[in-house]
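To start, the structure itself, in structure tokens.
Chain letters run A, B, ... following the sequence lines, proteins first and then strands; every chain starts at 1.
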2 protein chains.
Amino acid sequence: MKPKSLNHPHADPFQHFMDVLRSPDLPESSISFLQSCGRPLHLARGEAAELREQEQRTAIFVSEGAAKLVGHVGADREQIVAFCFEGELLILSVTSHTPYTLQALTECRLLAFPAGDLITKVTEATSSAIVERTFLALDQARDASVLLGRKTAQEKLASFLVSMVDRIGVVGPKIIALDLPMSRREIGDCLGLTIETVSRQLTALRNHGIIKTYGRSKITILDMARLSERAVQASCTT
Amino acid sequence: MKPKSLNHPHADPFQHFMDVLRSPDLPESSISFLQSCGRPLHLARGEAAELREQEQRTAIFVSEGAAKLVGHVGADREQIVAFCFEGELLILSVTSHTPYTLQALTECRLLAFPAGDLITKVTEATSSAIVERTFLALDQARDASVLLGRKTAQEKLASFLVSMVDRIGVVGPKIIALDLPMSRREIGDCLGLTIETVSRQLTALRNHGIIKTYGRSKITILDMARLSERAVQASCTT
DNA sequence: CGACACTTTGACTAACGTCAAGGGACGTGG
DNA sequence: CCACGTCCCTTGACGTTAGTCAAAGTGTCG
């Protein structure tokens, strides 16, 4: 799969950022301030971001491509804590015990802001889209905990596919198409599984007629209902 | 152990909240607004919070006692996503797939705010302590992912104890005392382990002379260095 | 077309969960 | 203050899931 080399649908990442933020009544002075403190990053596939401003908390806007936030345990064990796709905002950790790195899943264009500046400037305007996105990230992180702590390999993979459908799925009349920008290893790192287990579970889903795979990265969901069922999207009636 | 029945060191939870927030230049009007929208909750040990305002995102301030945020997978599997102690602020999920409940670990006094109100009012003043705490919660959630996904039972327990020392430990000249407000089951739910595994790992730490236990809830750390070592507080040099 | 990396599959192992029984702590009532 | 009952914790034996190791298969890109 060619990583659909960036054709710049958003010629200016900053403009893209402002579009997504949707704070129309932000004063001109704030806009130019944000523009000045947003540092553009262009990463090749697999490259790690150089985060100079590590003393301060950083917010990363993904204008094009996809990235992953990886936590490192000791030398070689790693855990993907978040995937981040086009138009999403990622808040990096600073008070964490674990060291994290941000790496490109595909070639991508990012915008790095010192989070403090971002928030104080933006909250001057309407209710902050950034705080909302932080909350969203928090919700995702908590769901991840539940997934990692209490789901089986089968359920983890189904949950993963469901969330990918939500975020980057192409919904057709009867089937849903997915083109995953991450490898089996990266899926495994995200779910706390090994590459082999991911592969086995994909095979199981294929054998049950729930999904079909084409090449390494393309998947179609044939039976979304049964997939969600396996993800146990926690239907407890408490 | 008697749950040291609340002796009200902070007679007024709201005053306690304002003290912790430390936004001295908040205008009087905002203060009274916050006071009016903060709903006090008094939970008995084990009781679950009734969250009426579930349509909106809620922030919970813990004035006294300790609580847990529990995610539910299907009928009976549950995962503790966060513990929350005195003076801490918990942001509840609303966009999550998983249903969560807030339950008292010990008898406790809480203050529930609609998060939107809290933020718009407080950011009028100095840089928001609440946004900072949200970030902190996010960091903790991400560390939890790493722990759950890539640590062994041994490492999980050591990490858990280290973080408890940080948050509620009583540091003495050579040893550190902990009085855990949660049961083995709750520790297990937090670490994605069973009660038996928690118990076995505690025994292992005891046999290695790293900790001592007194009764069910009291632990002293004899060798903090070796404990941290086992927690693999990720010392990768990238 | 060929090399290489990624993926799949299989056989085996280890870590943690499950099931079951016994022991200790805590709190109540005598 | 002691006795007893209950709940929680600990320990042991065994089972299951997912990890490890190894090899073959398949896509992708030069």
Legend entry - Donor + acceptor pair across side chains of B/His16, B/Glu86 (<3.5 Å): no
Legend entry - Proximity to the side chain of B/Glu196 - top-ranked nucleotide from D/dA18, C/dT7, D/dT11: D/dT11
Legend entry - B/Arg200 side-chain proximity, nearest of C/dT8, D/dC9, D/dT11: D/dT11
Inset, instruction - For A/Arg184, answer base if it contacts any base atom (sugar-phosphate contacts may also be present), sugar-phosphate if it contacts only those atoms, and nothing otherwise; contact means non-hydrogen atoms under 4.0 Å. - result: sugar-phosphate
Inset, instruction - Please state how far atom CG in A/Leu205 lies from atom P in C/dT7, giving the value in whole angstrom units. - result: 16 Å
Legend entry - Any B/Thr152 side-chain N or O less than 4.0 Å from OP1/OP2 of C/dA15: no
Legend entry - Candidate nucleotides D/dT11, C/dT8, C/dG10, ranked by approach to the side chain of A/Ser199 - the nearest: C/dT8
Inset, instruction - Tell me whether the OP1 or OP2 atom of D/dG19 has a side-chain N or O from A/Thr197 closer than 4.0 Å. - result: yes
Legend entry - Atom pair distance, as rounded to whole Å: CD in A/Gln201 and C1' in D/dG19: 13 Å
Legend entry - Proximity to the side chain of B/Leu193 - top-ranked nucleotide from D/dT10, C/dG17, D/dG19: C/dG17
Inset, instruction - Using only heavy-atom distances, determine whether the side chains of B/Thr213 and B/Lys218 contain a donor-acceptor pair under 3.5 Å. - result: no
Legend entry - Spacing of A/Tyr214 atom OH relative to D/dT26 atom P, expressed in whole Å: 17 Å
Inset, instruction - Determine whether A/Met164 and A/Met182 make a side-chain contact, defined as any pair of heavy atoms from C-beta on separated by less than 4.5 Å. - result: yes
Legend entry - B/Arg185, CZ atom: more than 12 neighbouring heavy atoms under 6.0 Å: no
Legend entry - Residue whose closest nucleotide on DNA chain C lies nearer the 5' end, A/Arg150 versus B/Gly215: A/Arg150
Legend entry - Integer-rounded Å distance: D/dT26 C1' and A/Ile195 CD1: 13 Å
Inset, instruction - For C/dT8, take OP1 and OP2 only and decide whether either is under 4.0 Å from a side-chain N or O of A/Arg206. - result: yes
Inset, instruction - Specify the separation, in whole Å, of atom CG of B/Asn207 and atom C1' of D/dT10. - result: 12 Å
Inset, instruction - Check whether any side-chain nitrogen or oxygen of B/Thr194 sits under 4.0 Å from OP1 or OP2 of C/dT18, and answer yes or no. - result: no
Inset, instruction - Examine the base of D/dT6 for any acceptor or donor lying under 3.5 Å from a partner atom in the side chain of B/Arg216, and report the outcome as yes or no. - result: no
Legend entry - Interatomic distance where CG belongs to B/Leu202 and P belongs to D/dT10 [whole Å]: 6 Å
Inset, instruction - Could you check how far NZ of B/Lys156 sits from C1' of C/dC16, rounded to whole Å? - result: 9 Å
Inset, instruction - Mind checking B/Gly188 for me? I need base, sugar-phosphate or nothing, with any heavy atom below 4.0 Å counting as a touch. - result: nothing
Inset, instruction - Would you please say whether a donor-acceptor pair under 3.5 Å links the side chains of A/Thr152 and A/Gln154? - result: no
Inset, instruction - Give the rounded distance in Å between these two atoms: CG of A/Leu147 and P of D/dA18. - result: 12 Å
